[in-house]
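Accompanying notes for the structure given below.
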Amino acid sequence: QVQLVESGGGLVQAGGSLRLSCAASGRTFSSYGMGWFRQAPGKEREFVAAISWSGTGTYYADSVKGRFTISRDNGKNTMYLQMNSLKFEDRGVYYCAASVSFGLRYAKSEEYDYWGQGTQVTVSS
């Protein structure tokens, strides 16, 4: 089994930055594709970004492309999401997820096997 714990959320003014972290334990971290999802108040969970096991393949939702950067450090069993130029629309609970396999359906939540509990991001407008 894999356990995932997010951290780094908080309150930030529009235009500011935050860096989220996702610490993994229990299994070999480097064997999993990883992703970030978010859920705004009253809305469904949506895909934000994903990264392959090697870190060479990264994928972003159109709404965050150019502002967010996903990365991972397999030696530390940790994945990161650097969020710059934050907008009010970026608010919500951010979840990290791990997939046993990684393919073209990286943006689908049902493709992920393990999930963290989430960390809240609040953006003031």
Contacts of [X] that satisfy side chain to side chain donor-acceptor pair (under 3.5 Å) - sequence neighbours left out:
X      : answer
Gln120 : none
Gln82  : Asn84
Thr56  : Ser54
Asp113 : none

Side chains of [X] and [Y] in contact at under 4.5 Å (non-hydrogen atoms):
X     : Y      : value
Val93 : Thr119 : no
Tyr60 : Thr69  : yes
Arg19 : Met83  : no

(request) Not counting sequence neighbours, list each pair that qualifies as a disulfide bond (SG atoms under 2.5 Å apart) and has a residue in residues 32-88. (result)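 For residues 32-88: none.
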(request) Any pair with a residue in residues 91-125 that passes disulfide bond (SG atoms under 2.5 Å apart), sequence neighbours left out, goes on the list, sorted by first then second residue, please. (result)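 Qualifying pairs, neighbours excluded: Cys22-Cys96.
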What pairs with [X] under side-chain contact (heavy atoms from CB on, under 4.5 Å), at least two apart in sequence or on another chain?
X      : result
Ala40  : Lys43
Arg105 : Lys108, Glu110, Glu111
Ser7   : Ser21
Ala98  : Leu4, Tyr32, Met34, Tyr114

(request) Could you list the residues that satisfy salt bridge (charged side-chain N to carboxylate O under 4.0 Å, His left out) with Lys65, not counting sequence neighbours? (result)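 If we apply the salt bridge (charged side-chain N to carboxylate O under 4.0 Å, His left out) test to Lys65, skipping adjacent residues, the hits are Asp62.
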Using 0.5 Å steps for rounding, measure from the [atom1] atom of [X] to the [atom2] atom of [Y].
X     : Y      : atom1 : atom2 : value
Lys87 : Ser125 : NZ    : OG    : 13.5 Å
Leu86 : Thr122 : CG    : OG1   : 11.0 Å
Asn74 : Trp53  : CG    : CH2   : 8.0 Å
Phe37 : Tyr112 : CZ    : OH    : 4.5 Å
Leu18 : Phe68  : CG    : CZ    : 9.0 Å
Arg72 : Ile51  : CZ    : CD1   : 6.0 Å

(request) Could you verify whether a donor N or O on one side chain and an acceptor N or O on the other, from Gln117 and Glu6, lie under 3.5 Å apart? (result)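 Judged by distance alone, the side chains do pair up.
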(message) Can you see whether Trp115 has Arg45 sitting over its ring - NZ or CZ less than 6.0 Å from the centre and within 45° of the normal?
(response)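 Output yes; distance and angle both within limits.
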(request) Group every Ile, Leu, Val, Met, Phe, Trp and Tyr by side-chain heavy-atom contacts under 4.5 Å, then state whether Val2 and Tyr80 land in the same group. (result)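 Each belongs to a different hydrophobic cluster.
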(request) Following the transitive rule for hydrophobic clusters with a side-chain heavy-atom cut-off under 4.5 Å over Ile, Leu, Val, Met, Phe, Trp and Tyr, establish whether Phe88 and Val48 coincide in one cluster. (result)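 No, Phe88 does not connect to Val48 through the hydrophobic network.
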(message) Between Phe47 and Tyr106 (judged by ring centroids, cut-off 6.0 Å), do the two rings come close enough to count as a pair?
(response)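 They qualify: ring centres under 6.0 Å apart.
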(request) Can you see which heavy atom on Ser85 is nearest to which on Ser17, and at what distance? (result)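 Smallest interatomic distance, heavy atoms only, reads N-OG, 4.2 Å.
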(message) For residues 90-101, which residue pairs pass the side-chain hydrogen bond (donor to acceptor under 3.5 Å, both in side chains) check, not counting sequence neighbours?
(response)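 Found Arg38-Asp90, Arg38-Tyr94, Arg67-Asp90.
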